[in-house]
Number of protein chains: 2
Amino acid sequence: MKANLEDIAKAAGVSKMTVSRVLRGGTGFSDDTRDRVRKVAESLGYVPNKLAAAFGADQASTLVGMCVPRLTSGLFGQVLDGVDRALSRLGYQLIIGANNHSTEEEEAWVRQIVSWRPAGLILSGRTHQPGTVDLLRQAGMPVVEIWDLTTSPIDMSVGFSHVDCGAEMGQHLLRRGRRRAGYVGALARADVMGQARLDGFRAALAEAGHPLVASELLLDMPGFYAGLYGLETLLSRTRDLDVVYFHNDEMAIGGLAYAQARGIRVPEDLGIAGWGGMEAASILPRRLTTTVVPTTAIGKAAAEALVARLKGEPGQDVTVVPTRLVPGETG
Amino acid sequence: MKANLEDIAKAAGVSKMTVSRVLRGGTGFSDDTRDRVRKVAESLGYVPNKLAAAFGADQASTLVGMCVPRLTSGLFGQVLDGVDRALSRLGYQLIIGANNHSTEEEEAWVRQIVSWRPAGLILSGRTHQPGTVDLLRQAGMPVVEIWDLTTSPIDMSVGFSHVDCGAEMGQHLLRRGRRRAGYVGALARADVMGQARLDGFRAALAEAGHPLVASELLLDMPGFYAGLYGLETLLSRTRDLDVVYFHNDEMAIGGLAYAQARGIRVPEDLGIAGWGGMEAASILPRRLTTTVVPTTAIGKAAAEALVARLKGEPGQDVTVVPTRLVPGETG
DNA sequence: CCTGCCTACGTTACCGGTAAACCTGACAGA
DNA sequence: TCTGTCAGGTTTACCGGTAACGTAGGCAGG
């Protein structure tokens with residue numbers, strides 16, 4: 001990268017400050033000067049140096065950091081998409097990272113990213129290391145916590161309640177006459193948000209006097225196979241379940257495949273419910289009962305909340321983006 | 001962010017250069033000085049400023065940019081994951097962007113990112129705007145083109161041949177006795193890599209004397225619904241097909257759902273083949289015939305090729321990561 | 001004792017922008 | 001004619017690091 005403002009300034013016969021103003025679209029120069037400077041910049045193949053700009057202008061960078069649990073998650077891919085579309089339209093660049101459901105990994109990532117002095121950060125989840133929270137408060141940069149709602153965010157929060165999702169599904173299944181429910185999860189207890197859904201589910205069932213009969217928490221990544229084997233394991237331990245709630249839709253579909261292979265009729269013999277609202281869930285031979293999460297909307301709202309804060313516009317600290325329970329034909 | 005090297009230097013009674021050396025783990029200071037500096041840095045809550053470091057050290061940044069067609073693609077989510085794991089382990093940070101299958105959007109993104117003076121870039125696809133190529137050559141930074149292999153990369157290439165994927169599937173289906181093949185695609189012609197698979201497929205069929213009977217290129221995003229409606233449309237135009245090749249597995253599964261709903265027996269009445277190797281494809285009632293793409297391996301190889309180049313290690317310019325056709329029960 | 005070399009630092013210049021202050025000529029109004 | 005204002009610039013300082021180079025003191029070898 002060769003040409004800088006100085007080079008353009010010399011070639012155009014002006015000072016580099018004038019070049020800076022022209023190229024950033026400011027004022028204080030004649031039309032003639034503007035055209036000349038632009039032409040020279042173009043001919044020299046000038047590429048602005050955001051490193052120097054952000055550094056010189058006292059860290060007014062256009063970088064935004066975002067940390068998700070896993071990059072292979074379809075739902076987070078959609079959130080990422082929502083964030084990226086909103087941010088790139090507004091001239092920001094997105095640095096990403098994955099924390100693998102570990103707050104320690106999240107903290108390591110945050111330390112790396114904060115040292116780039118980003119304009120703001122988007123984190124997923126409401127659970128963080130104390131050191132992470134201290135660091136972010138001290139840094140004083142806008143932070144949006146997404147996915148799991150919290151009433152006392154570090155700064156801002158956009159999402160919904162996982163506990164409520166679980167409770168709502170529990171109540172729905174009870175209304176459908178289910179009385180002996182099981183649960184199949186993944187990632188053991190590392191995924192606190194999946195755990196929150198289980199907590200809500202369990203509480204709703206217990207309150208109605210039909211407590212959760214059995215649950216199976218796999219160590220695996222949530223996926224089709226995990227759902228399949230999870231249901232197999234659960235049923236090998238406890239035969240007389242009448243419905244199973246899964247960690248997410250992928251796993252529920254895996255469960256559905258297992259039931260079909262074993263001749264278990266769904267929903268007659270066994271109800272199946274998922275969570276997340278993946279597209280495939282609505283195209284199966286039997287539409288999956290699930291909770292649809294407005295992923296892209298969450299991403300968009302998070303990005304917009306961040307940018308509003310950066311521009312000093314008053315925005316609300318907590319944005320609730322409601323999920324929608326979609327009764328299907330499986331439970 | 002308050003404390004900088006100067007503050008630490010004053011508090012520790014040394015020069016800021018010594019602080020810099022200590023904190024970066026260099027040499028040229030006593031154990032006593034090291035301990036004192038570290039303690040002061042810790043107590044002041046010092047957070048390094050990579051902006052200043054990258055700028056001062058003549059743009060030796062640890063940022064790597066990566067541009068994918070769509071962030072909502074499951075396959076690219078896996079590639080991203082492979083890249084992120086490899087890079088974060090080596091101390092790099094990942095800036096991402098989506099080009100929506102448009103080389104113009106890609107160029108706009110590249111211009112933004114290059115102005116951050118990243119250590120390197122990862123692009124998807126071999127097709128770029130001339131201006132993009134010029135810019136990258138001039139910038140002289142390492143560039144890895146992934147996904148679609150090219151023998152004349154801008155710099156390096158990691159991937160496989162989409163044309164060969166299509167041809168291989170065509171040959172496989174011919175060996176299985178299929179003679180009247182159709183194709184269902186998406187994104188119209190915007191996705192040049194999907195188009196390349198179709199080209200290879202078409203050529204293989206033509207060469208064997210059983211040319212492609214019909215194809216349906218939707219404008220939609222590739223997904224389950226697109227596959228479902230695509231097959232419906234294709235069959236409404238051309239009844240007597242004996243196999244349909246889909247843009248990817250999601251669409252093939254959508255097609256499978258359509259066939260099932262209409263009582264079309266798979267594979268007896270109609271064969272169905274996909275591409276990509278998504279996990280769900282192997283768990284369906286009938287295992288999908290598809291091409292498995294080693295997504296994570298591609299991401300990892302791309303990141304490692306990039307870092308090898310940065311370290312001046314001799315690496316090969318073109319890395320072939322072979323795909324694997326997996327005959328299933330659907331074609 | 002002098003020289004050379006090593007350790008453990010300190011000093012200075014510089015990266016490429018941006019903000020803020022300063023400058024200058026032309027022109028208007030009193 | 002003098003003064004004020006404005007357009008259209010220029011100059012200077014600075015952001016927080018890093019590289020390159022300078023240097024004081026101690027110690028060994030000849």
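Per chain, numbering begins at 1; letters A, B, ... match sequence-line order.
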Do the charged groups of B:Asp81 and B:Arg85 touch, with an N to O distance under 4.0 Å? yes
Identify whether any heavy atom of A:Thr27 sits under 4.0 Å from a base atom; if not, whether one sits that close to sugar-phosphate; answer base, sugar-phosphate or nothing. nothing
Taken in chain and number order and not counting sequence neighbours, the residues that satisfy side-chain hydrogen bond (donor to acceptor under 3.5 Å, both in side chains) with A:Arg70 are A:Thr72
Using side-chain hydrogen bond (donor to acceptor under 3.5 Å, both in side chains) as the criterion, list what pairs up with A:Thr150, not counting sequence neighbours. none
So, using side-chain hydrogen bond (donor to acceptor under 3.5 Å, both in side chains) as the criterion, who are the partners of A:Gln195 when residues are at least two apart? none
Quick note, salt bridge (charged side-chain N to carboxylate O under 4.0 Å, His left out) partners involving residues 3-31 of chain A, not counting sequence neighbours, are A:Asp31-A:Arg34
In short, the helix from C:dC1-D:dG30 to C:dA30-D:dT1 is bent end to end, axes from five pairs each side, to 10°, by 60°
Keeping to residues at least two apart or across chains, list the salt bridge (charged side-chain N to carboxylate O under 4.0 Å, His left out) pairs with something in residues 130-157 of chain A. A:Asp155-A:Arg309
When every nucleotide of nucleotides 17-24 of chain C is labelled 5' to 3' by its protein contacts under 4.0 Å (heavy atoms), B for base, S for sugar-phosphate only, - for none, what sequence of letters results? BBBB----
Just grab all the ring-ring contact (aromatic ring centres under 6.0 Å, His included) pairs involving residues 74-122 of chain A, residues at least two apart or on different chains. A:Phe76-A:Trp147
How is B:Thr18 classified with respect to the nucleic acid when contacts are heavy atoms under 4.0 Å: base, sugar-phosphate, or nothing? sugar-phosphate
Figure out the CG/P separation between A:Leu23 and C:dG16, and round it to whole Å. 15 Å
NA contact type, A:Ser15, heavy-atom cut-off 4.0 Å: base, sugar-phosphate, or nothing? base
Quick one: side-chain hydrogen bond (donor to acceptor under 3.5 Å, both in side chains) partners of B:Asp84, sequence neighbours excluded? none
